[in-house]
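Every chain is numbered from 1, with letters handed out A, B, ... down the list of sequences.
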Amino acid sequence: MRERFGLASPATRSEPPMSSPRITPRAQDYSRWYQDVIAEADLVDASPVRGCMVIKPHGYAIWEAIRDDLDARFKATGHVNAYFPLFIPQSFLSKEAEHVEGFAKECAVVTHHRLKATPEGVIPDPDARLEEPLVVRPTSETIIWHMYGRWISSWRDLPILINQWANVVRWEMRTRPFLRTAEFLWQEGHTAHASSEEAQEETRRMLDVYRDFSEQILALPVVRGVKSASERFAGAIDTYTIEGMMQNGWALQCGTSHFLGQNFAKAFEVTFQNKEGQLEHVWATSWGVSTRLVGAVIMAHSDDDGLVLPPKVAPIQVVIVPIYKAETRQTVIDYCERIAASLRPGIRVRIDDRENLKPGAKYFEWERKGVPFRLEVGPRDVEAGTAMVKSRLGGDKGSLTVDEGLGAVVQGMLDAFQQALYDRALAARTERTVEVDSYEALKARLESDAAWFLVPWADDAENEAFIKTDCKATIRCFPLEGQEQAQGRTCFYSGRPATHMAIFARAY
RNA sequence: CGGGGUAUAGCGCAGCCUGGUAGCGCGUCUGCUUCGGGAGCAGAAGGCCGUAGGUUCGAAUCCUGCUACCCCGACCA
């Protein structure tokens, strides 16, 4: 029986490939590869509740690295953290028409506040039904704008630049670890402004924060763009996105930033008195990234031997594996401790001194877990003042001199590793981003090999919907850069004058 | 919600057709020997065979109901 998420150990599957008997090769079955990589790296475990996942320490540490870096970026751009409640009065969800439409189908609802013991086990106590049911937040716009209504009365109260780190629940039909789960962790920024211009500026600013973060920290090149009407956030005027390409050529929405106009201010009657003394509705933005980013990192960089992590989010950047016999053990371990001490605190290093595993087994384990560099240290190294080093990206083992310069050398290697991942991902994306001049050409290419299609497009929701049904490709975005190329061209699908340059792709 | 499948040890599976003491691999535990690329030997622990009923002297095995999960389709950060 395959467990939820298919995370059962694949160790004893038939037809073991040569490289790693535990991980299905990408070329054979990409989706299974993804699940195998996660299982072998020990990132998550199945939950007894369908569609939820337990994030284990090695997986959670990746999220913590993401969170800590982003949090610093939010603070640096003037934002502060706050926390709003998990439960939202049911009536709040119905205040903004499009918002209701977008989320109603996937909300978990709390109806009772007490259990009652019966012979068959506990049941919700019929006498403890809530006056008004509570919705478990699928996102927090409604409760936040309810509160902002109480906090805002004057232009002097603006802007409000609040972010919150929280969990949200969306009762999805189909789930995949990290990429789509019923409950996930994220941050949601919610800002309130005195003018449309200022709010739009904020929307774009945070999109750029995400772009820079993604490229610098996740080593993942992304395209910034605007969503088409059908892919827009429910309740937004404009939804901006950063889209990343995964190794199978599919797109993954990695972050979104919404210009909400005055929609929520009107729904929750949030007004302020401007400098001229007139009453005006407040302008809003919201923006978020989630634990999906962990999935993005996994899919973008890992290989058939398991997880590959950018050093900046790797829970362990360097693992030291001591090699010894009984009589040399203490000497070798002491030497390893000295090396580790010289790398800390700038570098996240761990000594694997478990005695029940041979060095080779440790090598394979840390490779599966995505540690960028491994140092192998045996008696000969102690003698020579050296350490063998092996990169997770492959290549021969090298020898490092253990002296006061070691920290700088290793840091340089980590930086180069980070850059190499980015370069590799960018090259792959460039190679698989193609321009086609007809819908037939798009379909033909999709059947052989997924890619991103940059095409001139005459905006039309019906045509967009047909294409989605017909070949599963959707408009990922209208890229911010290069829109002028649409001028004077005709739509690749309808032949009408193009209104946008669009990127079509299959997406998660 | 429609179609197809599965349910036996922590995990992966065999046993079921042809009813008769529940097995294998991995993992786990103990001990000894190992240790520069996935260790070897010896011993051990661990299962109401998803659940409720039926047939039978006897059910993991045959029959019926239920439940859960997986895959394929309709929704989505």
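At a threshold of 4.0 angstrom between heavy atoms, the contacts of A:P138 with the nucleic acid are absent. Residue A:E172 is classed as a base contact, given a heavy-atom separation below 4.0 Å to a base. Within the nucleic acid shown, A:R329 has no heavy atom closer than 4.0 Å to any nucleic acid atom. Among the protein residues, A:F233 comes within range of no part of the nucleic acid, since none of its heavy atoms lies under 4.0 Å from any strand. Counting non-hydrogen atoms under 4.0 angstrom, A:E367 reaches a base of the nucleic acid.
Distance A:E101 CD to B:rC75 P: 13 Å, rounded to the nearest Å.
Ring-base stacking between A:Y363 and B:rG37 is not satisfied when judged by a centre separation under 5.5 Å and a plane angle under 30°.
Between B:rC76, B:rA77, B:rA39, one nucleotide has an atom nearer to the side chain of A:S290 than all others, and that is B:rA77. Here the side chain of A:M388 is nearest to one of B:rG36, B:rA39, B:rA77, namely B:rG36. Listed nucleotides: B:rC35, B:rA77, B:rC69. Nearest to the side chain of A:R50: B:rC69. The listed nucleotides are B:rC75, B:rG36, B:rG37; the one nearest the side chain of A:K105 is B:rC75. Taking only side-chain atoms of A:E376, from C-beta outward, the nucleotide of B:rG37, B:rA77, B:rC35 with the closest atom is B:rG37. Side chain of A:R180, nearest nucleotide from B:rG37, B:rU34, B:rA77: B:rA77.
Across the P atoms, B:rC76 and B:rU18 are found 50 Å apart, a figure rounded to whole Å. Atom C1' of B:rC62 sits at a distance of 26 Å from the matching atom of B:rC70, rounded to the whole Å. Taking atom P in both B:rG10 and B:rC29, the straight-line distance is 15 Å, to the nearest Å. Spacing of P atoms, B:rU61 relative to B:rG53, comes out at 14 Å, to the nearest Å. Taking atom P in both B:rA42 and B:rC26, the straight-line distance is 13 Å, to the nearest Å. Rounded to whole Å, the P atom of B:rC69 lies 41 Å from the corresponding atom of B:rG31. Rounded to whole Å, the separation between the P atoms of B:rG50 and B:rG12 comes to 14 Å. Taking atom C1' on both nucleotides, B:rC66 is separated from B:rG25 by 33 Å, rounded to a whole Å.
B:rA39 is paired with B:rU33 under the Watson-Crick or G-U wobble criterion, all donor-acceptor distances under 3.5 Å. Base pairing annotation: B:rC1 forms a Watson-Crick or G-U wobble pair with B:rG73, both donor-acceptor distances under 3.5 Å. When both pairing distances are held under 3.5 Å, B:rC11 makes a Watson-Crick or G-U pair with B:rG25. Nucleotide B:rA52: paired with B:rU64 (Watson-Crick or G-U wobble, both distances less than 3.5 Å). Pair assignment for B:rG58 gives none, since no Watson-Crick or G-U wobble pairing has each distance under 3.5 Å.
Checked for salt-bridge contact, A:K390 and A:E367 miss the test: no charged N lies under 4.0 Å from a carboxylate O. Ionic pairing of A:R170 and A:E183 is not present here: no N-O contact between side-chain nitrogen and carboxylate oxygen is shorter than 4.0 angstrom.
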Item to complete: Show your reasoning for whether ring pair (Phe, Tyr, Trp, His ring centres under 6.0 Å) applies to A:Y148 and A:F268.
Response: CA-CA 9 Å; A:Y148 281 5; A:F268 287 87; over 10 Å; no
Practice prompt. Would you check, one step at a time, whether the test side chain to side chain contact (heavy atoms under 4.5 Å, CB included) holds for A:V319 with A:V349?
Written response: CA-CA 6 Å; A:V319 65; A:V349 53; over 6 Å; no
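Here A:K325 reaches the OP1 or OP2 of B:rC35: one of its side-chain N or O atoms lies under 4.0 Å away. Using a 4.0 Å cut-off, no side-chain N or O of A:K227 falls inside it from OP1 or OP2 of B:rA77. Between A:R354 and B:rC35, a side-chain N or O to OP1/OP2 separation shorter than 4.0 Å is absent. One finds no side-chain N or O of A:R174 lying less than 4.0 angstrom from the OP1 or OP2 phosphate oxygen of B:rA74.
Counting heavy atoms of neighbouring residues, nucleotides and ligands inside a 6.0 Å radius, atom CD of A:E462 does not exceed 12 of them.
Taking the six-membered ring wherever Trp is involved, the centroid distance between the rings of A:Y240 and A:H258 does not fall below 6.0 Å. A ring-centre distance under 6.0 Å is not found for A:H190 and A:F264.
Two residues, A:R292 and A:K397, neighbour RNA chain B, and the one matched to the more 5' nucleotide by heavy-atom proximity is A:K397. Position along RNA chain B of the nearest nucleotide to A:L179 versus A:G360 favours A:G360 as the more 5'-ward residue.
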